[in-house]
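Since the structure comes first, as structure tokens, the remarks are kept for the end.
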Amino acid sequence: MTLRIIATILLVIMFAFVPFLPTENPWVIPFVMIVFLFLFLSFLRSTFVDSITIQLYENSIEVNRFLGYKRRTYDSEEVLGYSNSEVEIGRSRIKSKSIILYTKDDNAYELIKYNYRNFKQIESGLMKYPNLGYEPYKTGLYFREYRYKNKYNNK
């Protein structure tokens, strides 16, 4: 959450000061605008794709993915389990803790710590489900590959 606020402030400052940059070199403003566009698109992707709300109930879990308004409630029997992991932020070595929730209908929901104020409560609430172990971060061609997705499909 704090990273998003800082990113928003930096983007606004950068956008506001671009017209006032010294322009002896004609490539400065286009370069800064490309960087701004890249950061802005990354911010939008993070906000819309990674934003998942989760409600833990006694016998069910409700998951709502912001993009596409996909709301789904899973009974305890429909939850395969969860794994602990870390997410690499960009190409840097900065990592954020995450939990990946797996369901028996072959869905994986990644809950990244920086998206939640109550991450420890989510962690403790998921402890009643099987812990599938630690899952190292592994990228696919475009998106992350999940270790337990497609392995336990009960269809």
Side-chain angles (χ1 to χ4, degrees), residues 1-56 61-74 79-103 105-126 131-153:
M1 183 73 159
T2 305
L3 288 174
R4 290 187 184 194
I5 293 170
I6 292 170
T8 304
I9 292 169
L10 288 175
L11 288 173
V12 168
I13 290 170
M14 195 164 89
F15 186 71
F17 285 107
V18 166
F20 302 109
L21 288 175
T23 57
E24 285 182 17
N25 296 326
W27 57 269
V28 172
I29 291 180
F31 176 75
V32 170
M33 292 306 287
I34 289 170
V35 169
F36 170 78
L37 183 62
F38 175 74
L39 290 173
F40 185 70
L41 291 176
S42 296
F43 178 76
L44 285 179
R45 182 202 173 276
S46 174
T47 301
F48 291 117
V49 174
D50 296 339
S51 295
I52 298 170
T53 58
I54 183 168
Q55 293 288 329
L56 301 171
I61 294 177
E62 183 180 272
V63 180
N64 184 17
R65 191 177 295 267
F66 182 73
L67 188 66
Y69 306 105
K70 298 175 185 173
R71 181 180 300 244
R72 177 74 201 270
T73 302
Y74 294 99
V79 176
L80 180 64
Y82 70 96
S83 67
N84 299 312
S85 187
E86 292 179 325
V87 173
E88 295 176 4
I89 300 173
R91 300 228 181 252
S92 65
R93 295 185 184 257
I94 299 172
K95 296 183 179 184
S96 181
K97 194 173 182 181
S98 71
I99 296 174
I100 305 165
L101 177 68
Y102 291 98
T103 60
D105 66 350
D106 203 32
N107 283 321
Y109 299 97
E110 187 164 19
L111 310 170
I112 304 170
K113 184 177 181 177
Y114 62 73
N115 285 330
Y116 304 95
R117 292 182 195 163
N118 61 344
F119 190 77
K120 290 200 183 285
Q121 290 175 334
I122 294 170
E123 257 183 325
S124 63
L126 290 174
N131 186 338
L132 304 173
Y134 179 78
E135 183 173 338
Y137 187 81
K138 182 180 179 187
T139 58
L141 185 59
Y142 293 107
F143 297 105
R144 180 176 179 166
E145 289 183 10
Y146 296 104
R147 178 186 286 178
Y148 300 104
K149 193 171 179 182
N150 298 322
K151 284 191 175 183
Y152 298 101
N153 196 351

In terms of heavy-atom contacts, Leu132 and Ser83 come closest through CB-CB, 4.3 Å
In Å, rounded to the nearest 0.5 Å, how long is the span from NZ of Lys97 to NZ of Lys120? 5.5 Å
When rounded to the nearest 0.5 angstrom, what is the spacing between CG in Asn131 and CD in Glu123? 10.0 Å
Should we say atom CZ of Phe38 is surrounded by more than 12 heavy atoms from elsewhere, each under 6.0 Å from it? no
With rounding to the nearest 0.5 Å, note down the distance linking CG in Asn107 to CD1 in Ile100. 13.5 Å
Check ring-ring contact (aromatic ring centres under 6.0 Å, His included) between Tyr82 and all other residues, then give those that pass, not counting sequence neighbours. none
Once you round to the nearest 0.5 Å, how far does OG of Ser85 lie from CG of Leu111? 11.5 Å
Shortest non-hydrogen contact between Lys113 and Phe119, atoms and distance: CA-CD1, 3.6 Å
Test side-chain contact (heavy atoms from CB on, under 4.5 Å) applied to Ile54 and Leu101, step by step: CA-CA 10 Å; Ile54 183 168; Leu101 177 68; 4.3 Å; yes
I want to check something: taking the side chain as every heavy atom from C-beta on, are Arg72 and Thr103 in contact at a cut-off of under 4.5 Å? no
Rounded to the nearest 0.5 Å, how far does OG of Ser98 lie from OH of Tyr116? 10.0 Å
Taking atom CD1 of Ile99 and atom CD1 of Ile112, what is their separation to the nearest 0.5 Å? 11.5 Å
side-chain hydrogen bond (donor to acceptor under 3.5 Å, both in side chains) involving Gln55 - partner list, sequence neighbours excluded: none
Counting neighbours of CD on Gln121 that are heavy atoms of other residues, nucleotides or ligands and sit closer than 6.0 Å, is the number greater than 12? no
Intermediate values then yes/no, side-chain contact (heavy atoms from CB on, under 4.5 Å), Leu126 and Ile61: CA-CA 9 Å; Leu126 290 174; Ile61 294 177; 3.8 Å; yes
What residues, two or more places apart in sequence or in another chain, satisfy side-chain contact (heavy atoms from CB on, under 4.5 Å) together with Phe31? Trp27, Val35
